[in-house]
Amino acid sequence: MTTLTTTADLEARAAWSIITEPSDAPAGAITAALGHTAALAALAGSTDSDLAALLVEHEAVTTAADGIAAARRWRPRVSTADIDTAIASATRDGIHLIDPSIVPGLSDLGNVAPHLLWVRGDAAALTTPLVDKDWHVAELNLAL
């Protein structure tokens with residue numbers, strides 16, 4: 001089971017998973033286009049209009065108005081302290097931060113795939129074929 005290995009990618013993925021709602025397609029599109037770290041830097045370092053233009057440029061949204069709406073939806077949740085606390089709590093509580101691309105089928109979700117999986121329990125169970133899983137024994141708490 002592979003966990004995220006770079007601090008920058010780990011923190012950026014954790015941030016996006018906190019900032020966005022599940023299945024937020026514009027967030028998925030911009031992080032796919034730029035990478036999580038660069039997309040987070042763009043969110044933190046640009047105006048709503050500049051971010052909207054970037055979202056349109058990378059086809060994450062179709063109109064500037066949709067881009068501004070996305071920026072306004074995300075910005076209130078951008079808090080370095082909250083992100084740092086979440087990562088520290090995960091570490092303390094034995095929660096593994098997993099790149100969802102290693103889990104069969106999650107990449108098929110495209111732009112609505114989760115940015116990060118926060119997993120407590122047997123994280124290796126995520127990559128085991130379904131027919132090999134004993135759901136009566138496996139204990140896995142998964143939050144997307």
Side-chain angles (χ1 to χ4, degrees), residues 1-131 133 135 138-144:
M1 172 64 36
T2 303
T3 58
L4 299 173
T5 56
T6 67
T7 301
D9 190 48
L10 169 69
E11 290 175 355
R13 284 177 175 272
W16 279 105
S17 74
I18 292 166
I19 293 166
T20 61
E21 296 292 327
S23 301
D24 188 325
I30 198 64
T31 57
L34 300 179
H36 285 83
T37 303
L40 185 60
L43 174 60
S46 64
T47 65
D48 287 353
S49 295
D50 289 342
L51 184 60
L54 188 65
L55 291 167
V56 170
E57 176 186 341
H58 290 283
E59 299 179 356
V61 296
T62 55
T63 68
D66 289 342
I68 288 172
R72 290 181 179 164
R73 188 172 62 245
W74 301 332
R75 285 198 198 281
R77 300 179 190 142
V78 176
S79 166
T80 302
D82 289 346
I83 294 162
D84 291 344
T85 299
I87 292 171
S89 295
T91 300
R92 181 190 67 238
D93 295 338
I95 295 171
H96 306 281
L97 305 179
I98 307 295
D99 181 342
S101 69
I102 67 166
V103 179
L106 285 183
S107 295
D108 294 345
L109 296 174
N111 290 339
V112 296
H115 300 283
L116 182 73
L117 301 176
W118 304 70
V119 179
R120 179 182 293 141
D122 182 9
L126 293 171
T127 58
T128 304
L130 188 58
V131 294
K133 292 183 181 171
W135 290 102
E139 293 183 25
L140 178 67
N141 298 316
L142 172 65
L144 300 179

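All values derive from a computational prediction rather than experimental measurement. Just so you know, these numbers use all the heavy atoms, side chains as well, and skip hydrogens, waters and symmetry mates.
In terms of heavy-atom proximity, His115 sits nearest to Pro100 at O-CD, 3.5 Å. Contact detail for Ala52 and Gly67: the closest heavy-atom pair is CB-C, 3.6 Å. The shortest non-hydrogen separation linking Ser107 to Ser101 is OG-CA, 3.8 Å. In this structure, Thr31 and Ala39 approach most closely via the heavy-atom pair CG2-CB, 3.9 Å. Nearest heavy atom pair, residue Val56 against residue Ala64, reads CG2-N, 3.7 Å. Counting all heavy atoms, side chain and backbone alike, Asp93 lies closest to Arg120 at O-NE, 3.6 Å.
Summarising the geometry, atom OG1 belonging to Thr91 is positioned 6.5 Å from atom CG belonging to Leu97; distances are rounded to the nearest 0.5 Å. Between the CG atom of Asp50 and the OG1 atom of Thr47 there is a distance of 3.0 Å, given to the nearest 0.5 Å. Here the CD1-OG distance, from Ile95 to Ser89, works out to 8.0 Å after rounding to the nearest 0.5 Å. Going from atom CD of Glu11 over to atom CD1 of Ile87 covers 5.0 Å, rounded to the nearest 0.5 Å. Interatomic distance, Arg13 CZ to Ile18 CD1, rounded to the nearest 0.5 Å: 14.0 Å.
Between Leu51 and Ile30, the closest side-chain pair of non-hydrogen atoms is not below 4.5 Å. Considering only heavy atoms from C-beta on, Leu109 comes within 4.5 Å of Pro114 through its side chain. You'll find the side chain of His36 stays beyond 4.5 Å of the side chain of Leu40, heavy atoms only. Between Trp118 and Leu116, some side-chain heavy-atom pair lies under the 4.5 Å cut-off. Within the 4.5 Å cutoff, side-chain heavy atoms of Trp74 are placed close to those of Asp24. Contact of the Asp48 side chain with the Arg75 side chain is registered, since non-hydrogen atoms from C-beta on lie closer than 4.5 Å. Considering only heavy atoms from C-beta on, Leu117 comes within 4.5 Å of Leu106 through its side chain. Side-chain atoms of Asp66 and Thr63, non-hydrogen and from C-beta on, do get closer than 4.5 Å to each other.
Around CD of Glu57, the count of heavy atoms belonging to other residues, nucleotides or ligands within 6.0 Å exceeds 12.
The pair Asp82-Arg77 does not meet the salt-bridge criterion, since no charged nitrogen lies less than 4.0 angstrom from a carboxylate oxygen.
With hydrogens and angles disregarded, no donor-acceptor distance shorter than 3.5 Å links the side chain of Thr20 to the backbone of Ser17.
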